[in-house]
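Note sheet for the following structure.
Side chains included, hydrogens not; waters and symmetry mates left out as well; all remaining heavy atoms used. Bear in mind the structure is a predicted one, so any value in this text is a computation, not a measurement. If you read the sequence from its start, that first residue is 1, and numbering goes on from there.
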Amino acid sequence: MKPDQDLSNRGFGDDVATSILPDLEPTKLLARTLFEHAPVAMLMVDQAGKVQHINNATEKLLGYSRDELMGQLVETLVPPNARLHHEQLRHRYMAHPIPRSMAEGRRLAALTKDGKEVAVDIAMNPVVLDSSEVAVILSVIDTSDRERADRAEFFVKELTHRARNMFAIISAISRQIAKYSTSVAEFQVALDSRLNALLTSYQVFEKENWQAAPIHDLVQSQISFVVKQGTPQIDLSGPDIRLQPTPAEYLGLAVHELATNAIKHGALSVPTGAVDVRWAVDEKAKIFEFHWREHNGPPLPPSERQGFGSAILKSIVPAACGGKASLAVTPTGMSWKLNAPLALLAQ
């Protein structure tokens, strides 16, 4: 058996190398030494996608021994939910193998022996073996630290942005409340109520890693803040969509106002009252629609004094969402409808 054949069968381990070093050509010896002791994980995969060789760094990174990986499909190292797609990509690549640099903009993950996913960059380089078959050398770099650093940087930027936006909203709210308050005590009560509404919305964002807010969770959080959770008097219905943070904050304020008014004066102040909350997306008109409608509530006399709540529903929220709103006091409850462009929806 030739030295190359022996290596092909047994891998690039030190025990193999030691026994055949005198017979290896200097170029092949250098290549094998570089492969085995490279500072990054390296694997050789044949045309069938089976692992033929791994180096020391691969064992350390992925937790497998050489014997455990030899002859296994490379998909063994791919997270289960990506294996089918990876196999399809591998077949296409093997049909026309060319060198490919690290990642090429894709976020990749390798699966370790203990089931953990490791963020990686992978470079691929085809090589022609003595048998004239084409194999691929995979160079794998652990990017977990970089991923964590990127996430931390993103979080700091997002937190800074959210803090600035939050202070801007609080400033705008406090100025508007001051216009409609007749005393310092009234101002303090009104401001505290709206700040608690914002905090409730932020708790939804926190669960979503400060990304877009699911509208059902947002509406439910504001209603539950005011009304006993799970009350049968309120019916929520609409598609599973997410809102961009800024319009979500303002819509949360609107729902808070509506729920507060309903429990004090409207349909939720009596056992027979009910509230329908509906939202929809009109793709043809490119419109997001949100409708709060009360029925079977007590008669609501027209209010002579327009307070900050009315300003939120009639002007502040629709302006923040780039849309239009209508507020109507019916004989049996409140009706509020918002139409806004689809830009407020998260992709």
Side-chain angles (χ1 to χ4, degrees), residues 40-126 134-155 157-158 204-218 220 238-245 248 281 345-347:
V40 299
M42 299 183 73
L43 306 88
M44 188 169 80
V45 178
D46 66 14
Q47 285 184 313
K50 294 183 177 180
V51 177
Q52 296 300 310
H53 302 296
I54 69 173
N55 66 355
N56 287 334
T58 302
E59 291 181 305
K60 293 178 181 178
L61 175 63
L62 301 178
Y64 286 97
S65 69
R66 299 171 193 274
D67 291 340
E68 289 173 318
L69 279 185
M70 293 303 179
Q72 298 296 318
L73 286 173
V74 70
E75 278 77 31
T76 301
L77 304 175
V78 176
N81 61 349
R83 284 176 182 170
L84 179 60
H85 182 58
H86 185 275
E87 184 179 359
Q88 295 169 344
L89 292 176
R90 173 169 58 79
H91 285 305
R92 287 203 294 266
Y93 176 81
M94 285 300 189
H96 303 284
I98 59 174
R100 291 190 181 179
S101 58
M102 288 286 177
E104 295 187 337
R106 289 173 292 187
R107 301 176 71 88
L108 305 173
L111 190 69
T112 65
K113 181 179 178 180
D114 60 5
K116 295 181 180 179
E117 292 188 17
V118 179
V120 294
D121 276 353
I122 299 178
M124 297 183 289
N125 290 283
V134 176
V136 178
I137 300 293
L138 305 178
S139 301
V140 184
I141 293 180
D142 181 358
T143 61
S144 299
D145 290 341
R146 190 177 71 194
E147 289 276 314
R148 284 191 288 269
D150 289 345
R151 286 196 297 268
E153 182 180 2
F154 170 81
F155 179 77
K157 289 182 178 179
E158 184 65 17
V204 175
F205 293 129
E206 183 181 6
K207 292 179 181 178
E208 300 297 322
N209 293 320
W210 298 95
Q211 299 301 301
I215 186 170
H216 183 277
D217 293 353
L218 179 74
Q220 184 63 58
D240 184 15
I241 55 178
R242 293 170 176 263
L243 301 178
Q244 299 282 2
V281 173
L345 302 182
Q347 299 298 323

Can you list the residues that meet the side chain to side chain contact (heavy atoms under 4.5 Å, CB included) rule with [X], with sequence neighbours excluded?
{"X": "Ala82", "result": "Val78"}
{"X": "Glu68", "result": "Tyr64, Ser65, Lys113"}
{"X": "Ala248", "result": "Phe205, Ala213, Leu218, Leu243"}

Do you know which two heavy atoms are closest between [X] and [Y], and how far apart they sit?
{"X": "Leu61", "Y": "Ala41", "value": "CD2-CB, 3.9 Å"}
{"X": "Ala109", "Y": "Pro79", "value": "O-CD, 3.4 Å"}
{"X": "Ala119", "Y": "Asp142", "value": "O-OD1, 3.4 Å"}
{"X": "Val204", "Y": "Asp217", "value": "CG2-O, 3.9 Å"}

Between atom [atom1] of [X] and atom [atom2] of [Y], what is the distance when rounded to the nearest 0.5 Å?
{"X": "Met124", "Y": "Ile98", "atom1": "CE", "atom2": "CD1", "value": "8.5 Å"}
{"X": "Met44", "Y": "Leu138", "atom1": "CE", "atom2": "CG", "value": "10.5 Å"}
{"X": "Ile241", "Y": "Ile215", "atom1": "CD1", "atom2": "CD1", "value": "4.5 Å"}

Scan residues 84-95 for pairs that pass side-chain hydrogen bond (donor to acceptor under 3.5 Å, both in side chains), counting only residues two or more places apart or in two chains.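 Qualifying pairs, neighbours excluded: Glu75-His86, Glu75-Arg90.
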Applying side-chain contact (heavy atoms from CB on, under 4.5 Å), run through Leu69 and Leu77 and close with a yes or a no. CA-CA 9 Å; Leu69 279 185; Leu77 304 175; 3.9 Å; yes
May I ask you to decide if Met42's main-chain N or O and Asn55's side chain share a donor-acceptor pair within less than 3.5 Å? yes
Expected output: side-chain Ser144 to main-chain Val118 donor-acceptor under 3.5 Å: no
Please assess Val140 against Thr58 for the test side-chain contact (heavy atoms from CB on, under 4.5 Å), listing each intermediate value before the final yes or no. CA-CA 8 Å; Val140 184; Thr58 302; over 6 Å; no
Might you confirm whether atom CG of Asp240 has over 12 heavy atoms from other residues, nucleotides or ligands at distances under 6.0 Å?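 No, not enclosed.
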Take Leu111 and Glu117, measure what side-chain contact (heavy atoms from CB on, under 4.5 Å) needs, and give me the verdict at the end. CA-CA 5 Å; Leu111 190 69; Glu117 292 188 17; 4.1 Å; yes
Can you name the residues that form a side chain to side chain donor-acceptor pair (under 3.5 Å) with Asp46, not counting sequence neighbours?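 Scan of Asp46 (side chain to side chain donor-acceptor pair (under 3.5 Å), adjacent residues dropped) gives Gln52.
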Scan residues 54-65 for pairs that pass salt bridge (Lys or Arg N to Asp or Glu O under 4.0 Å), counting only residues two or more places apart or in two chains.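 Found Glu59-Arg66.
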